[in-house]
Every structure is written in structure tokens, then in C-alpha cells.
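These numbers were taken from a predicted model, which means no experiment stands behind them.
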Amino acid sequence: MIDREEELNRLRAAAAEAPQLVVMRGRRRVGKSYLLDRAYAEHRLVYFQADEGEARGHLDLLAAELGRLVKAPIVFGDWNEALGALDEQARQQPLVVVLDEFQWMLLAEPLLDSIIMRHFDRWERARIPITLVLSGSALTMMEELLESDKPMFGRAGYRPFLQPFDYRDAALFASQRTDATQKLLRYGVLGGTAQYQVWAGGASLREILKRRILTKDEPLFEEPLQLIRGESAIREPGNYYEVLRAIARGATHFNEILQQSKISSGQLLTGRLDRLAKLRYIDERRPIGGNGSPGWSVTDPFFRFWFRYVYPNRSRLQRGRVEETCDAILADIDNHMGSIFEQVCRDWAGRYSSDPPLAGAEEIGAYWTRTHDVEVDLVARGRKGIVAVGSCKWSRRADTHDLDRLIELRGQIRGAGSATPYVFARDFHKHLVARAERDGVRLVSADELFAEPES
């Protein structure tokens with residue numbers, strides 16, 4: 001299984017420490033169901049995945065799942081009977097119960113969270129060895145389950161929010177023949193959502209675009225729209241699409257987003273940004289050590305790609321103009337990849353680098369001033385100040401001019417005068433390589449971003 005070892009271990013630990021309540025959240029297709037199946041494959045398990053049905057249908061299907069376990073026909077009159085039957089089975093032998101896509105059960109029976117907690121209180125008092133996992137992809141509803149005025153507040157022993165894979169784990173879905181540049185391009189288009197990577201298979205970037213994303217009726221053609229429409233906290237989703245499009249196209253600061261999204265007031269924009277951030281579709285970024293205003297970025301590379309290229313071209317694509325749209329995207333893809341590459345470099349610095357300045361850093365991000373006359377792609381801060389600064393060059397071979405500019409900018413950052421310079425790029429000019437060896441500058445190639453860290 002790719003990554004997820006921490007989540008696997010925590011899920012299995014919950015079963016070993018029963019009674020336990022687990023609430024798992026994460027967008028569709030990120031791998032929640034697969035993870036739960038793997039975690040509890042060796043356990044005595046009742047697994048039920050709900051759909052958009054009524055309570056009666058959910059109860060019948062859950063009864064059928066329990067019936068398969070005990071090899072006897074079972075009928076539930078209501079949810080109290082269902083939970084009572086699960087209690088009875090757990091008293092005989094430890095039991096794991098997974099209620100997947102829980103939001104549909106809660107919509108069909110709005111008091112279900114209260115009903116569950118009444119039974120869970122008894123399980124805790126009697127130390128019944130039952131592990132109840134509630135998993136769902138409707139982020140608003142699943143987050144609300146855990147709020148302070150809800151019955152489950154403070155009761156979940158483990159409450160993971162399953163995130164997409166990072167760039168290195170996402171690359172494991174690609175063919176072994178895929179080089180580092182193509183792995184990064186693939187990540188810049190598909191992001192780290194497991195199912196998107198599976199759908200792409202070992203295809204080339206052009207084929208992924210044409211056959212999986214740009215062709216109408218394919219699953220990724222309108223995936224972001226469907227996800228956002230499914231969020232109960234979002235009304236008038238079209239307004240949110242325009243915010244995401246503006247950010248994806250490079251409008252990262254408040255006034256830029258306001259102007260490009262054509263939202264009528266700053267107050268409305270603030271509410272929409274806050275809502276999208278709470279749902280983890282966007283992130284607010286603040287400069288490390290700078291005085292610049294906060295900036296926003298679309299969290300998922302696929303969302304960033306989709307709102308930049310697919311959303312404004314849907315009419316053309318509906319008419320079958322796939323080939324020419326694909327050509328236009330590939331001609332512009334380096335502009336999209338610039339910000340993706342910067343984030344990948346920061347991820348490498350924070351998670352994978354064994355370099356002393358980065359491994360000991362307390363914070364890694366970027367730097368910019370209020371007027372944007374000084375902007376540095378990567379800044380690492382340790383206990384005694386700025387320990388590293390970096391320039392990330394995706395679109396071309398890095399040369400000595402890039403290093404000169406980085407050193408110039410380093411001199412304008414307070415406390416960064418002795419910070420180690422890093423230059424990240426797909427390729428380096430030979431003069432830069434020679435100078436880096438002489439001056440103690442770290443050059444990090446695309447290949448090194450995927451190399452195993454030195455022990």
C-alpha cells in the first residue's frame with residue numbers, strides 16, 4: 001500500500017483499544033474506503049457503505065451485512081435494534097463496524113448521531129469490545145459531527161482527515177519508466193488523489209488530458225464541480241467557482257481575487273474564502289519573516305489545473321474540441337507548473353531533505369514584502385533565524401543569473417545574510433554548477449526531489 005502507514009497503524013490501534021469511536025473525513029476518491037478495508041481485513045468486521053437512500057433501505061442493507069457475518073437472516077426495525085444487534089455480537093467476540101458514506105445515513109435519519117452516542121455510552125461503561133468507524137466525504141456534515149454542540153464532540157478517539165498523497169507518493173502510481181520531469185507534470189495535472197492516479201494508469205500526459213480530463217462524460221471532466229455542489233455549506237456554487245478560477249490563474253491576494261472573481265463586496269469574498277479554506281479547497285499563506293499581506297492558493301494541484309484550464313473551456317470541450325484545447329494547455333503548462341514546482345520544493349525541504357539547514361528548520365515557506373519588490377520562493381527558519389533561502393526554476397535551465405538574483409534578495413531579508421542558498425531546477429548551466437561547487441551553493445535537480453534521503 002502506498003504510504004498511509006501512520007493511518008493504518010492508528011486504525012488498527014483503535015480496534016485493539018475498543019470500545020473506540022473513529023470519525024474519518026476526506027474528499028471522494030482519496031482512498032478512505034480502500035484504507036479501511038486494508039486496516040480491518042483481518043478483523044471481525046461489518047462494513048456498510050450507504051448511498052442516497054432512505055433509512056429503511058440503509059437498515060436492510062446493514063442487516064444483510066451483519067447476516068453475512070453471522071450466517072443467519074437478520075431484520076432491523078430501527079437504528080436502536082441495529083445497534084443493539086451489533087452490541088450483542090461484540091459481546092461474543094470483538095467487532096469492528098464501519099459505516100461508510102455516513103452522511104447519507106444522517107440525512108435519512110437526522111437523529112442518528114444522538115442514537116449512536118446513547119449506545120456508545122453504554123459500550124464504554126460496559127467495556128464492550130466494539131470499534132465504530134464513521135467515514136464520509138461530505139466534508140461540511142462530517143466536520144459538523146465533531147462541533148461543540150453535537151453529541152459526538154470530544155468523543156472520537158481518532159479523527160483523521162485523509163489528505164491526497166504528496167508528490168512522491170503520487171509518483172508511485174506512474175510507470176517505472178517515467179522520468180522525474182514527467183512525474184512532476186503528472187502530479188501538477190492530477191494531484192495526489194489516489195483514484196485520479198489509478199484512472200490515469202501509465203498513460204502519457206497528452207493521453208491523460210485527452211482521455212481522462214478533457215473528454216465530456218469522463219469522470220474527471222466535471223469532478224470539481226460535483227464535489228463543490230455536494231457541500232451543504234456552499235450555496236450558489238457558481239460564485240465559488242469564480243473564486244477558485246481567479247486563484248488558480250494567479251490572483252493570490254485579496255484585492256486581486258475580488259477584482260477577477262467580480263464579487264460585489266469584500267465581505268462576501270471574505271465569507272467565501274473562509275468557507276473554502278474550512279473545507280480545505282484553498283490555503284491561506286503568510287510570508288515567513290516578511291511584512292506582506294496573506295495570499296491564497298488552491299490546495300489540490302488537480303483543482304488548480306482544472307479551474308485554470310478546463311473550467312473556462314467547457315463550452316469548447318462540449319463541442320468536441322479536445323485536441324486543440326489539449327494543444328493549448330500543453331503550450332501553457334509551464335506557467336501552471338511554476339507554483340506547483342515551488343510547493344514541491346518546499347515539501348521536499350520540509351519532509352525529505354537530510355541537509356542540516358533544512359532538517360533542523362522549524363518553519364519552511366516563502367517570503368514576500370507588502371510591495372512585492374522582494375519575493376523568495378523558499379525560506380527556512382530555525383531557532384536562530386533564517387537558515388536557507390531558495391529559488392525554484394521550472395520553465396528553464398537555471399544559470400548564474402538566478403543565483404545572483406537569489407543572493408541579492410537574501411541580502412534584503414533581515415537575518416538571512418548567512419543563509420545557505422538553494423537553487424531548484426530541472427537542469428543547470430555548467431557555469432552555475434562550477435560556481436555552486438566553489439561557493440557552497442546547493443543545487444537540487446528534479447531527480448534529487450525523488451531520491452531517497454541519505455541516512
Specify the closest pair of heavy atoms between [X] and [Y], including all atoms of both residues, with the distance to one decimal.
| X | Y | answer |
| --- | --- | --- |
| Trp306 | Pro312 | O-CD, 4.5 Å |
| Val387 | Ala361 | CG2-CB, 4.5 Å |
| Trp296 | Leu273 | NE1-CD1, 3.6 Å |
| Phe153 | Leu146 | CD1-O, 3.2 Å |

Run the side chain to side chain contact (heavy atoms under 4.5 Å, CB included) test against [X] and tell me which residues pass, sequence neighbours left out.
| X | answer |
| --- | --- |
| Glu101 | Gln49, Gln103, Trp104, Ser137 |
| Cys345 | Phe341, Cys392, Phe424 |
| Glu147 | Glu144, Asp149, Lys150, Lys278 |
| Asp347 | Tyr167, Gln343 |

Just by distance, do the side chain of [X] and the backbone of [Y] share a donor-acceptor pair under 3.5 Å?
| X | Y | value |
| --- | --- | --- |
| Lys32 | Met24 | no |
| Glu324 | Arg321 | no |
| Glu256 | Thr252 | yes |
| His43 | Leu45 | no |
| Arg25 | Thr140 | no |
| Arg12 | Ala39 | yes |
| Asn313 | Arg316 | no |
| His58 | Glu52 | no |
| Thr193 | Pro164 | no |

Non-hydrogen side-chain atoms of [X] and [Y] separated by less than 4.5 Å:
| X | Y | result |
| --- | --- | --- |
| Met142 | Val23 | yes |
| Tyr47 | Val96 | no |
| Phe428 | Val423 | yes |

Among side-chain atoms of [X] and [Y], is any donor-acceptor pair under 3.5 angstrom?
| X | Y | result |
| --- | --- | --- |
| Ser33 | Asp100 | yes |
| Tyr241 | Arg229 | yes |
| Thr131 | Gln20 | no |
| Tyr34 | Arg4 | no |
| Gln197 | Arg186 | yes |

Charged N to carboxylate O below 4.0 Å: is that the case for [X] and [Y]?
| X | Y | answer |
| --- | --- | --- |
| Glu223 | Arg28 | yes |
| Glu323 | Lys210 | yes |
| Arg426 | Asp179 | no |
| Arg10 | Glu7 | no |

Next on the checklist: Strictly by ring pair (Phe, Tyr, Trp, His ring centres under 6.0 Å), give each pair with a member in residues 184-230 just once, sequence neighbours left out.
Outcome noted: Tyr196-Phe302
Item to check | Pairs satisfying ring pair (Phe, Tyr, Trp, His ring centres under 6.0 Å), at least one member in residues 254-278, at least two apart | outcome: none
Checklist outcome for this item: The single option from Asp113, Ile116, Leu134, Leu99 that satisfies side-chain contact (heavy atoms from CB on, under 4.5 Å) with Met105 is Leu99
Next on the checklist: Check whether Tyr240 forms a cation-pi arrangement with Arg275 (NZ or CZ under 6.0 Å from the six-membered ring centre, at most 45° off the ring normal).
Outcome noted: no
Nearest 0.5 Å, what's the [atom1]-[atom2] distance between [X] and [Y]?
| X | Y | atom1 | atom2 | value |
| --- | --- | --- | --- | --- |
| Ile407 | Ser391 | CD1 | OG | 11.0 Å |
| Asp283 | Tyr281 | CG | OH | 13.0 Å |
| Ile228 | Leu279 | CD1 | CG | 9.0 Å |

Checklist entry - Who are the side-chain hydrogen bond (donor to acceptor under 3.5 Å, both in side chains) partners of Tyr311, not counting sequence neighbours? => result Glu242
Checklist entry - Looking at residues at least two apart in the chain, or sitting in another chain, which of them share a side-chain hydrogen bond (donor to acceptor under 3.5 Å, both in side chains) with Asp427? => result Arg397
With salt bridge (charged side-chain N to carboxylate O under 4.0 Å, His left out) as the rule and sequence neighbours excluded, what pairs involving [range] come up?
| range | value |
| --- | --- |
| residues 155-166 | Asp121-Arg155, Glu124-Arg155, Asp166-Arg351 |
| residues 297-315 | Arg27-Asp300, Arg308-Asp332 |
| residues 355-374 | Asp355-Arg442, Glu363-Arg381 |

Item to check | Glu375 atom CD: more than 12 heavy-atom contacts under 6.0 Å | outcome: yes
Checklist entry - With a cut-off of 6.0 Å (strictly less than), are more than 12 heavy atoms of other residues, nucleotides or ligands near NE2 of His401? => result no
Next on the checklist: Run the ring pair (Phe, Tyr, Trp, His ring centres under 6.0 Å) test against Phe173 and tell me which residues pass, sequence neighbours left out.
Outcome noted: Phe165
